[in-house]
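Some notes on the structure that comes next.
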Protein chains: 2
Amino acid sequence: MPDENTAQNRNLASTFAKGLAVLEAFDGLSPSLTLAEIARATGQDRAAARRGALTLLDMGYLRQDDRHFSLTPKVLSIAGGFLQARGFGRLVQPVLNRHAVTLDTEISLATRDSSAVMLLAQSTVTDGLVSQGFTAGSRLPLLHTSLGRMLLAGAPDEVAARIISQSGIPRPTDHALTTADEILTRIRAARRDGYTVTDSEFEPGIIGLAVPVTGPGAMPVVLGSSLPRGRDGVLAPDPILKGLQRCAAELRQTGVLDRL
Amino acid sequence: MPDENTAQNRNLASTFAKGLAVLEAFDGLSPSLTLAEIARATGQDRAAARRGALTLLDMGYLRQDDRHFSLTPKVLSIAGGFLQARGFGRLVQPVLNRHAVTLDTEISLATRDSSAVMLLAQSTVTDGLVSQGFTAGSRLPLLHTSLGRMLLAGAPDEVAARIISQSGIPRPTDHALTTADEILTRIRAARRDGYTVTDSEFEPGIIGLAVPVTGPGAMPVVLGSSLPRGRDGVLAPDPILKGLQRCAAELRQTGVLDRL
DNA sequence: CCCATTTGTTCGTATAACGCACGCTTTGTG
DNA sequence: CACAAAGCGTGCGTTATACGAACAAATGGG
């Protein structure tokens, strides 16, 4: 805790913030965490991390099996508070579902959270060709997905450049772009064209398409879809692209995404 | 804070618990809350509630418009940690989707959280006849929905009776059962029959069907569907009931619901 | 079986958080 | 438009909450 006892700090509850950091450590990358892992992930003293975890256990958000802690379904009710208050189930999900069936592809709605893409909603279709098991709340990479690039296109160049340099450049596939300049060039093109395509950068053989939903001044939200690379070499089938744009227009009309 | 300085209390961080109570106050029933409303909802001193809300604001979980606070999409990432870690998107959602299309009805997976039904996952279909805009994390009433009755059927009689008396009996529709005895009788029948039906108790003209997914010893999880009351008077169409039971069997096979 | 790691617990100490009070701002009503 | 009610921001004295170190026990892996 900084020695600076300013008004700003006195308005915040640092123990609550530390507890939320414990909750955030359960990021879905592993099925469970031990107390030692929680302390390492949060950078907290072991005793403090333990108090945070036991408080979550006591309130029903964690379960414990021997030394392993994992999230319980109760965390869904926190998300439900958001989804219910904003009318996602009534206004957003039906639009995604209808267009997913029409286009016969999975459709995802996403925003940016720090240096990751975070899915807001998604519609999967039966026997869809591509499905990676993502759900609302899932996080995806920012730099090698069409959703991520389209999100960064919604920010000024200098902001996008800073985010790229801060997060480092992973290499999910052999086809993944590897330099900040290449990625920034694609982001500028996305801003210019109003859509973007990735080809096998996040998953081999899979094309990603994304279009913006919200406009300048609003929190960037984008819409995207994935499909296998066709033999004919067409990366962005026009019907899919136009369908995503129509879907985006309908989502804008709901007004749900105006203040996120 | 009780004066009792036991080990149990020293293992918990009461400031963190108070902060989580602030987060829980955003239950989706209203689009936003003021500081005064948060303090009332949580029973906390106004200054404490304010510190909790400002900590959530600072960490990105709330946004503020004048005096009104509301949840941000970032809360979805907490749910995403659970859904990703448990493989809901890969293992549960496709099963629900497939059966929803086959049966041509919306299908919901639910568990109990205190005195409410909480949806774990759901599949909606295009042009479905019934959709109330619920999503994962949504809470539904416990006593007048088929999901709620099937959940209570998974508990011993005395537990069900206690929950009924503790939560009080609302009256969502004119057809809603009004006494604890009537409701308990239906719960016993659900336990005996292995399924339950409600007719216009939660929503006029709508039949609800539910079957259990998990067995004794596991946390009760149930599966349900809604459809409009048919003219022929058949409340539980055999194909829908059997389809739900098949879906439940497939969900059991995934193993995802074994430890929730 | 040994050793490294993890965990549970106690406890002295300090500071984070409490809650009250005051004054200002906003909102609603007559 | 004025006034009352409600809500909010802030300062501050006090103390209970939480901290983290240390020790011992438990666990897990080689």
Side-chain angles (χ1 to χ4, degrees), chain A residues 1-26 29-59 61-71 85 259, chain B residues 1-27 29-59 61-71 259:
Chain A
M1 169 71 167
D3 197 29
E4 181 192 359
N5 202 19
T6 60
Q8 174 62 17
N9 285 347
R10 285 200 299 265
N11 288 337
L12 304 182
S14 63
T15 303
F16 181 25
K18 289 171 74 173
L20 287 173
V22 169
L23 185 53
E24 287 175 338
F26 291 86
L29 295 181
S30 46
S32 63
L33 294 173
T34 63
L35 287 174
E37 287 169 334
I38 293 167
R40 280 196 293 273
T42 59
Q44 293 175 16
D45 179 86
R46 185 176 63 76
R50 180 169 184 270
R51 285 190 294 270
L54 292 185
T55 306
L56 288 165
L57 182 69
D58 185 67
M59 290 188 73
Y61 291 105
L62 285 182
R63 59 171 286 147
Q64 178 175 15
D65 296 279
D66 301 321
R67 302 168 155 218
H68 296 275
F69 292 82
S70 51
L71 290 171
R259 292 174 184 273
Chain B
M1 166 71 167
D3 197 27
E4 183 192 357
N5 203 19
T6 60
Q8 175 63 16
N9 285 347
R10 283 198 300 264
N11 288 335
L12 304 181
S14 64
T15 304
F16 181 25
K18 287 170 77 172
L20 287 173
V22 170
L23 185 53
E24 287 175 339
F26 291 86
D27 56 9
L29 295 181
S30 44
S32 63
L33 294 172
T34 63
L35 288 175
E37 286 170 335
I38 294 166
R40 279 196 293 273
T42 57
Q44 293 175 17
D45 180 87
R46 187 171 63 77
R50 178 169 184 269
R51 284 189 295 270
L54 292 184
T55 306
L56 287 165
L57 183 68
D58 184 67
M59 291 188 72
Y61 292 106
L62 286 182
R63 58 171 287 147
Q64 179 174 15
D65 297 279
D66 301 320
R67 302 167 155 217
H68 295 274
F69 292 82
S70 51
L71 290 171
R259 291 173 186 275

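Naming convention: chains lettered A, B, ... in sequence-line order (proteins, then strands); numbering from 1 in each chain.
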For the pair made of [atom1] in [X] and [atom2] in [N], what is the distance, rounded to whole Å?
X     : N      : atom1 : atom2 : answer
A:L57 : C:dT7  : CG    : P     : 14 Å
B:F69 : D:dG7  : CZ    : C1'   : 12 Å
A:E37 : C:dT7  : CD    : P     : 8 Å
B:N11 : C:dC11 : CG    : P     : 14 Å
A:I38 : C:dG8  : CD1   : P     : 11 Å
A:L35 : C:dT9  : CG    : C1'   : 13 Å

Testing the basics here: between [X] and [Y], what is the closest heavy-atom pair and its distance to 0.1 Å?
X     : Y     : result
B:I38 : B:A53 : CD1-CB, 4.1 Å
A:S70 : A:P31 : CB-O, 3.4 Å
A:A21 : A:T42 : O-CG2, 3.5 Å

*Set of residues satisfying salt bridge (Lys or Arg N to Asp or Glu O under 4.0 Å) with respect to B:D66, sequence neighbours excluded*: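 In terms of salt bridge (Lys or Arg N to Asp or Glu O under 4.0 Å), with neighbours along the sequence ignored, B:D66 is linked to no residue.
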*Does A:E24 have any salt bridge (Lys or Arg N to Asp or Glu O under 4.0 Å) partners at least two apart in sequence or in another chain, and if so, which?*
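B:K74.
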Got [X] and [Y] here, is their nearest side-chain heavy-atom distance under 4.5 Å?
X     : Y     : result
A:L62 : A:L23 : no
B:Y61 : B:T55 : no
B:F69 : B:L56 : no

*Starting at the 5' end of DNA chain C and moving along, which residue's nearest nucleotide shows up first, A:A13 or A:R50?*
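The residue closer to the strand's 5' end, by nearest nucleotide, is A:R50.
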*Atom CD of A:Q64 and atom CG of A:L57: how far apart are they, to the nearest 0.5 Å?*
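Here the interatomic distance stands at 5.5 Å.
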*Closer than 4.0 Å, any side-chain N/O of B:R10 to the OP1 or OP2 of C:dT9?*
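Looking at the OP1 and OP2 atoms of C:dT9, neither is under 4.0 Å from any side-chain N or O of B:R10.
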*asked:* Just N and O in the side chain of A:S14: are any of them under 4.0 Å from OP1 or OP2 of C:dA17?
replied: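 For C:dA17, OP1 or OP2 has a side-chain N or O of A:S14 closer than 4.0 Å.
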_What verdict does the side chain to side chain contact (heavy atoms under 4.5 Å, CB included) test give for B:L33 and B:H68, after you've listed the backbone C-alpha separation in whole Å, the side-chain angles of each residue and the deciding distance to 0.1 Å?_
CA-CA 5 Å; B:L33 294 172; B:H68 295 274; over 6 Å; no
Check: protein-nucleotides 20-22 of chain D nitrogen or oxygen pairs below 3.5 Å:
from: D:dA22; atom 1: N6; to: A:R46; atom 2: NH2; distance (Å): 3.3

Check: protein-nucleotides 27-30 of chain D nitrogen or oxygen pairs below 3.5 Å:
from: D:dT27; atom 1: O4'; to: A:R67; atom 2: NH2; distance (Å): 2.9

*Between the two end axes of the helix from C:dC1-D:dG30 to C:dG30-D:dC1, each built from 5 base pairs, what angle do you get to the nearest 10°?*
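Result, rounded to 10 degrees: 70°.
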Show the atom names and distances, to 0.1 Å, of all donor-acceptor pairs under 3.5 Å that link a side chain in residues 44-52 of chain A to residues at least two apart or in another chain.
from: A:Q44; atom 1: NE2; to: A:K18; atom 2: O; distance (Å): 2.9
from: A:D45; atom 1: OD2; to: A:A47; atom 2: N; distance (Å): 2.8
from: A:R50; atom 1: NH1; to: B:N11; atom 2: OD1; distance (Å): 3.2

